[in-house]
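Reviewing the structure listed below.
Letters A, B, ... mirror the listed sequences (proteins, then strands); counts begin at 1. Computation of the quantities below employed the complete heavy-atom set of this structure, encompassing side-chain atoms and omitting hydrogens, waters and symmetry-equivalent molecules.
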Amino acid sequence: MLDLKFVRDNMDLVEDGLHKRGSNIDFGEFKKLEEERRKLLGTVETLKNRRNTVSEEIAKMKKMKENADNLIVEMREVSQQVKDMDEKVKEIEDALQTFLLNVPNIPHPTVPAGAGDEDNEILRKYGEPRKFDFPAKAHWDIGEDLKLIEFERGAKVAGARFVFYRGWGARLERALINFMLDLHINEHGYEELFPPFAVNSQSMTGTGQLPKFAEDMFKIEKTDLWLIPTAEVPVTNIYAGEILKEEDLPIYHTAYSACFRAEAGAHGRDTRGLIRQHQFNKVELVKFTTQENSYEELETLTRNAEKVLQLLELPYRVVVLCGGDLGFSSAKTYDLEVWLPAFNAYKEISSCSNFEDFQARRANIRYRPGQGGKPRYVHTLNGSGLAIGRTLSAILENYQQEDGSVIIPEVLRPYMGGISKLAKN
RNA sequence: GGAGAAGUAGCGAAGAGGCCGUAACGCGCCGCACUCGAAAUGCGGUUGUCCGCAAGGGCACGUGGGUUCGAAUCCCACCUUCUCCGCCA
């Protein structure tokens, strides 16, 4: 959420920023409501002041056994007016709040202009896409041939976009989770969290999934709970409503979670394979930083996620998202895209974003500056480190051999009971 | 799920209709004094937010309502925590 005062005082900046996203929001109603709010506040606060002082007078008169009936009658009237106006103020403030909750973040100045993913800028590449001297198979075929993944039984038990991992496939999924967590904990300084996989509406609002994106998520019936679409939600909200100490910043958390996405509007897209599932696993990276350091921290967070791909020796590239492709809450995002031979393309496997104070304002996460003084909003960042299913897909496709087997990347072997290859048995 | 108790500043806690929310008292933290320095001691400071150029004012005692001229205090609902019982991996 953007700051009300900031929007009010920097209308041009806000409109330029939103324009860069290709988003057109009319602020006319906002300006009107905000003016009315301030006018009303002035009046109602004067009335409240009157009520407070007169009530004190009444107390004194009663003590002196004087008759205060006239004042009491007057105050009855004043109190009714206050009540009515308070109600009106609340209505206006709710409307302003709702409006602001639906306004996306303003892109950072370094975010390139553009309408969609074709306008994203490629920053760097790692590795070379492998040239196959045999027909390369897609991961869903490899997965079924080697009995690692069962798509049909997943669909039978839960529906489309659900799978069973089986045997060494399940083991590989688990190995990837542990490998990534261990890397971030041991080498990159993150503290592990194991979060709730369901959160309430307030938390979903805190990170920006609500109110706009309810249809992308699974709601648990008869409750105020939602299945998390990413560990970002519980992990970012862990400090909601708190004032942290500057000396405790930056805070780095990593967390494994299952992620649940309704994928509404994705009918017919990526219907085969593991790329787009209703439930998938992910290791997430989340940072809480001072306002000054967040962009440096975005660089290191991105490098931390890249490290996973480097150690797995998977070819990838890093792109910076253009304004039109930027997520609702993000000010700047780097996507990591891994090479998938079956698609003959790079596919998103991690998204690393700086939300600046956009989420912190919604979730009310602040820190007290070391020098003392007013609390300030933290900056929050997060990135996948990485999406597990897509990583597994990339391994199957990039490490496949002509005989149908799949070599296991060196770094994963300790997590796979020492085996070096998945083959038909 | 049933019964009971409790939610007040960073923590503990007082407060029972107006003199109590820049919130007693204790701990913690910051500053100063004393000291060669430290400890101990003493003195002072230490919630957030909204409106306003400012002066000043408003709001907040888990959350939301209600009663009242006036609510931390009385009433209702909800949330959370704790204790006991039941159930359960």
Is there a Watson-Crick or G-U wobble partner for [N] with both distances under 3.5 Å, and if so, which one is it?
{"N": "B:A9", "answer": "none"}
{"N": "B:A77", "answer": "B:U63"}
{"N": "B:C82", "answer": "B:G4"}
{"N": "B:G70", "answer": "none"}
{"N": "B:C36", "answer": "none"}
{"N": "B:G28", "answer": "B:U46"}

_What I want to find out is whether A:E150 reaches A:K156 closely enough, with some N-O distance under 4.0 Å, to be called a salt bridge._
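Looking at A:E150 and A:K156, the cut-off is not met.
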
Between N or O atoms, less than 3.5 Å apart, protein on one side and nucleotides 46-53 of chain B on the other: list the pairs.
{"unit_1": "B:G48", "atom_1": "OP1", "unit_2": "A:R368", "atom_2": "NH1", "d": "2.5"}
{"unit_1": "B:G48", "atom_1": "OP1", "unit_2": "A:R368", "atom_2": "NH2", "d": "3.2"}
{"unit_1": "B:G48", "atom_1": "O3'", "unit_2": "A:R366", "atom_2": "NH1", "d": "3.2"}
{"unit_1": "B:U49", "atom_1": "OP1", "unit_2": "A:R366", "atom_2": "NH1", "d": "3.2"}
{"unit_1": "B:C50", "atom_1": "O3'", "unit_2": "A:R37", "atom_2": "NH2", "d": "3.0"}
{"unit_1": "B:C51", "atom_1": "OP1", "unit_2": "A:R8", "atom_2": "NH2", "d": "3.2"}
{"unit_1": "B:C51", "atom_1": "OP1", "unit_2": "A:R37", "atom_2": "NH1", "d": "3.4"}
{"unit_1": "B:C51", "atom_1": "OP1", "unit_2": "A:R37", "atom_2": "NH2", "d": "3.4"}
{"unit_1": "B:C51", "atom_1": "OP2", "unit_2": "A:K5", "atom_2": "NZ", "d": "3.1"}
{"unit_1": "B:G52", "atom_1": "OP1", "unit_2": "A:R38", "atom_2": "NH1", "d": "2.5"}

*Base, sugar-phosphate, or nothing: which does A:K62 touch, judged by heavy atoms less than 4.0 Å apart?*
base

*Could you tell me whether a side-chain N or O of A:Q359 sits under 3.5 Å from a main-chain N or O of A:G208, the two making a donor and an acceptor?*
no

*Please answer whether the main-chain N or O of A:F358 pairs with a side-chain N or O of A:N105 as donor and acceptor at a distance below 3.5 Å.*
no

Strictly under 3.5 Å: I want the nitrogen or oxygen pairs between protein and nucleotides 77-82 of chain B, one per line.
none

*Taking only side-chain nitrogens and oxygens of A:R76, does any of them come within less than 4.0 Å of OP1 or OP2 of B:C69?*
yes

*Minimum-distance nucleotide (side-chain atoms of A:K90 versus B:G65, B:C69, B:G58)*: B:G65

*For A:K48 and for A:V73, locate the closest nucleotide of RNA chain B by heavy-atom distance; then report the residue assigned to the nucleotide nearer the 5' terminus.*
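Nearest nucleotide further toward 5': that of A:K48.
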
